[in-house]
Amino acid sequence: MDSRNLTLDNQTFNSRLILGTGGLPSLEILSDIIKVSQAEIATVALRRINPNQKLSIFNILTEHSIKILPNTAGCYTAAEAVKLAELAKESLETDWIKLEVIGDEKTLLPDPIELIKASEILINKDFKVFAYTNNDLIIARRLVSLGVTAVMPLASPIGSGMGLENLNGLIRIIEEIQNVPVIVDAGIGTASDAALAMEIGADAVLAASAITRAVDSVKMAHAIASGIEAGHLARQAGRIPKQLYAVPSSDPSNMPSLK
């Protein structure tokens with residue numbers, strides 16, 4: 001399989017960018033974002049969909065053959081998240097669910113106890129769970145042991161644009177979790193954040209607010225998609241090690257004497 005491709009649930013995707021659709025300035029701009037980013041997967045928060053809108057986000061995503069990953073944003077308990085996931089499965093005919101169970105209104109950080117509880121219930125109901133989780137290796141391991149389809153640790157709080165706030169925490173998860181994809185989710189602010197996430201070995205990046213709330217959403221979508229591609233190539237290429245002192249680019253012993 002081409003290492004440039006992303007594999008999720010035995011499905012192959014050319015792009016390693018997952019679009020978040022929350023905060024879009026308008027639905028009309030979504031088509032342009034999809035075109036320039038070449039994204040193939042997008043998350044949709046079902047609780048924030050307005051059924052009275054004439055232009056449906058689902059129509060736009062379907063028109064562009066985008067794989068829809070419904071999410072449980074806005075849920076604060078396992079019971080709420082499970083109920084919303086079941087509604088998504090019935091209405092969208094998908095067993096994919098991005099599972100979010102929030103534990104705090106100010107930080108929007110995940111509640112690990114409720115998240116694990118909801119994950120176990122949904123996996124037993126044959127859902128493919130993409131678990132939005134804290135930057136915590138032990139929680140990530142537990143989620144994998146339950147059978148999640150992907151682990152999605154946050155880079156920093158949702159919508160903060162703080163980038164990779166706990167870089168070493170992400171590195172630990174990426175290095176330790178090898179049997180399911182690790183998708184860096186939440187807190188991406190710009191293209192360099194996405195590139196760094198890929199350079200440390202993430203399988204993919206989810207970007208929502210960084211794109212939808214940028215001054216120019218279309219340009220930022222292009223930039224972040226390019227950053228993801230560049231970061232992934234850099235990871236494959238293998239960077240030189242960081243060292244405290246200079247290392248000559250040429251062997252001094254082979255240099256001719258000027259005396």
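As the structure is a computational prediction, the values presented were derived from the model and not from experiment. Atom set for the values below is all heavy atoms of this structure, side chains included, hydrogens, waters and symmetry mates excluded.
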Evaluate the side chain to side chain contact (heavy atoms under 4.5 Å, CB included) criterion for residues Tyr132 and Leu154: first the C-alpha distance (whole Å), next the side-chain angles of each, then the deciding distance (0.1 Å), finally the verdict.
-> CA-CA 7 Å; Tyr132 167 64; Leu154 55 85; 3.5 Å; yes
Considering all heavy atoms, the nearest Glu165-Pro157 contact = OE1-CD, 3.5 Å
For Ala204 and Leu6, the nearest pair of non-hydrogen atoms, with its separation, is CB-CD2, 3.9 Å
Is there a donor-acceptor pair closer than 3.5 Å between any side-chain N or O of Thr77 and the backbone N or O of Glu80?
-> yes
Check whether any side-chain N or O of Ser119 sits under 3.5 Å from a backbone N or O of Leu115 as a donor-acceptor pair, and report yes or no.
-> yes
Thr149 side chain to Phe130 backbone, donor-acceptor under 3.5 Å | no
Do Ser31 and His64 meet the criterion of a side-chain donor-acceptor pair at a distance under 3.5 Å?
-> yes
Write down the atom of Ala88, the atom of Thr94, and the distance for their closest heavy-atom approach.
-> O-CG2, 4.4 Å
Donor-acceptor pairs are to be reported for all side-chain atoms of residues 38-46 against protein atoms at under 3.5 Å, with residues two or more places apart or in another chain.
unit_1, atom_1, unit_2, atom_2, d
Glu40, OE1, Asn14, N, 2.6
Glu40, OE1, Ser15, N, 2.8

Can you spot which of Lys125, Lys89, Lys128 makes a salt bridge (Lys or Arg N to Asp or Glu O under 4.0 Å) with Asp95?
-> Lys128
Does atom CD1 of Ile113 have more than 12 heavy-atom neighbours from other groups under 6.0 Å away?
-> no
Side-chain donor or acceptor of Glu114 paired with backbone N/O of Pro110 under 3.5 Å | no
Does Ala234 offer a backbone N or O that forms a donor-acceptor pair with the side chain of Arg239 under 3.5 Å?
-> no
For Glu199, does the CD atom sit with more than 12 other heavy atoms under 6.0 Å from it, leaving out its own atoms?
-> yes
Under the 6.0 Å and 45° cation-pi test, does Lys67 pair with Phe13?
-> no
Look only at the side chain of Glu93 and the backbone of Glu90, and say whether a donor-acceptor pair between them is shorter than 3.5 Å.
-> no
Answer yes or no: is there a donor N or O on one side and an acceptor on the other, between the side chain of Ser217 and the main chain of Ile211, under 3.5 Å?
-> yes
Using distance alone, with no hydrogens and no angle criterion, decide if Thr107 and Asp104 have a side-chain donor and acceptor under 3.5 Å apart.
-> yes
So, does Asn135 use its side chain to make a donor-acceptor pair with the main chain of Leu170 at under 3.5 Å?
-> yes
Has the side chain of Asp203 got a donor or acceptor atom that lies under 3.5 Å from a matching backbone atom of Val182?
-> yes
Cationic N near anionic O, under 4.0 Å, Lys83 to Glu86 = no
Would you find a donor on one side and an acceptor on the other, under 3.5 Å apart, between the side chain of Arg235 and the backbone of Ile200?
-> yes
